[in-house]
Amino acid sequence: MAKKMNMITGVAALALVFGAAPAFAQYGGSSGTTRQPQGRQQDSTTSQDNTDTNSANTKSSADENFAKKAAQGGMAEVKLGQLAEQKGSSPEVKNFGRRMVQDHSKANNELKDVTSKENIPLPNEMDKSDQATYDRLSKLSGDAFDRAYARDMVKDHSKDVSEFQKEAKNGKDESIKNFAAQTLPTLQNHLDQARQMEQAVNQSSSNGNTSGTGNTGYGGNSGSGYPTNNRTNPGTTSGNSPSR
């Protein structure tokens, strides 16, 4: 009888030992299951980080280049406009210069607001080409200045309109793209006025109302290359942004 009882006790003990194993195994599985969602969460976090990075990358280098060129072009339009107010001999040139100062100063401020939110640093000076144009025009006066300034404004704004249209259509950064689209109509209007100014100035010269300085010093292109700045607005009728 005692032997039988010992056997039963041994069997029970073995049952307890082997029964505990699944329990521990199950706990381990449960623990593993807990870690698994954590792993998924890390994957999800990594995926989110990648998404944020891709979103940040939508601000392409092309958008930044456009903004920087537009800023330089806007500064050039303001300075050249001030020069036209001072040195222009015809009312068309003086009035156009005044509008350039007003419109491009406004556009420049709008661009600064946009780029500050995008953490895009803007240049504080005109580029070398614009500076060369300013230096050249500052040496002219009278009819020679009027003709040179008018031609430069037509060439510059033709380029500006093209650049702003491109950004308004293909830009990746929505804020910069919208700035281009909203400014475009003003730039297009500037281009129309620049053409009218050039026609008026040339007609005045052909009628013999010249200052005697002739065309000397015109030097061809303004080179101010308002690459992408307040000069041009991507649009056709908003007139709400400063442009040439």
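Just so you know, residue 1 is the first one in the sequence shown, and it goes up from there. In this text the structure is predicted, and so the values were computed from the model without any measurement.
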### Message
Run L80 and M100 through side-chain contact (heavy atoms from CB on, under 4.5 Å) and show every step you take.
### Response
CA-CA 8 Å; L80 290 171; M100 293 302 97; over 6 Å; no

### Polar side-chain atom of D63 near backbone of D173 as donor-acceptor pair, under 3.5 Å
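Flag set: sc D63 to bb D173 pair under 3.5 Å.
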
#### Entry: Check: E174 main-chain N/O paired with N178 side-chain donor or acceptor under 3.5 Å
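Side chain of N178 to backbone of E174, a donor-acceptor pair under 3.5 Å: yes, one is there.
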
#### Entry: Partner residues of E85 under the salt bridge (charged side-chain N to carboxylate O under 4.0 Å, His left out) criterion, sequence neighbours left out
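Testing E85 for salt bridge (charged side-chain N to carboxylate O under 4.0 Å, His left out), a comparison that skips the adjacent residues, returns R98.
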
Quick check: closest heavy atoms across [X] and [Y], and the distance to 0.1 Å?
| X | Y | value |
| --- | --- | --- |
| E163 | F66 | O-CE1, 3.8 Å |
| A71 | P123 | CB-CD, 4.3 Å |
| S158 | R195 | OG-NH2, 4.2 Å |
| V101 | V78 | CG2-O, 3.6 Å |
| Y134 | K79 | CE1-O, 3.6 Å |
| V114 | S175 | CG1-CB, 3.7 Å |

### Message
Around atom CG of D135, are there more than 12 heavy atoms from other residues, nucleotides or ligands closer than 6.0 Å?
### Response
yes

### Query
Does atom NZ of K94 have more than 12 heavy-atom neighbours, drawn from other residues, nucleotides or ligands, at distances under 6.0 Å?
yes

Just how far is it from atom [atom1] of [X] to atom [atom2] of [Y], taken to the nearest 0.5 Å?
| X | Y | atom1 | atom2 | answer |
| --- | --- | --- | --- | --- |
| F96 | S90 | CZ | OG | 11.5 Å |
| L111 | I176 | CG | CD1 | 7.5 Å |
| M75 | N124 | CE | CG | 6.5 Å |
| E64 | E118 | CD | CD | 9.0 Å |
| E125 | Q131 | CD | CD | 8.0 Å |
| K69 | E167 | NZ | CD | 11.5 Å |

### Query
Could you walk me through whether Q86 and L83 pass the side-chain contact (heavy atoms from CB on, under 4.5 Å) check?
CA-CA 5 Å; Q86 297 167 9; L83 194 62; 4.3 Å; yes

### Query
How about T186 and R99: do any of their side-chain heavy atoms sit closer than 4.5 Å?
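Yes, their side chains come closer than 4.5 Å.
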
### side-chain contact (heavy atoms from CB on, under 4.5 Å) between M197 and V93, worked out
CA-CA 7 Å; M197 172 179 62; V93 169; 3.9 Å; yes

### Task
Determine, step by step, whether L137 and D152 satisfy the side-chain contact (heavy atoms from CB on, under 4.5 Å) criterion, reporting the C-alpha distance in whole Å, the side-chain angles of both residues, the deciding distance to 0.1 Å, and the verdict.
CA-CA 10 Å; L137 290 177; D152 284 349; 3.7 Å; yes

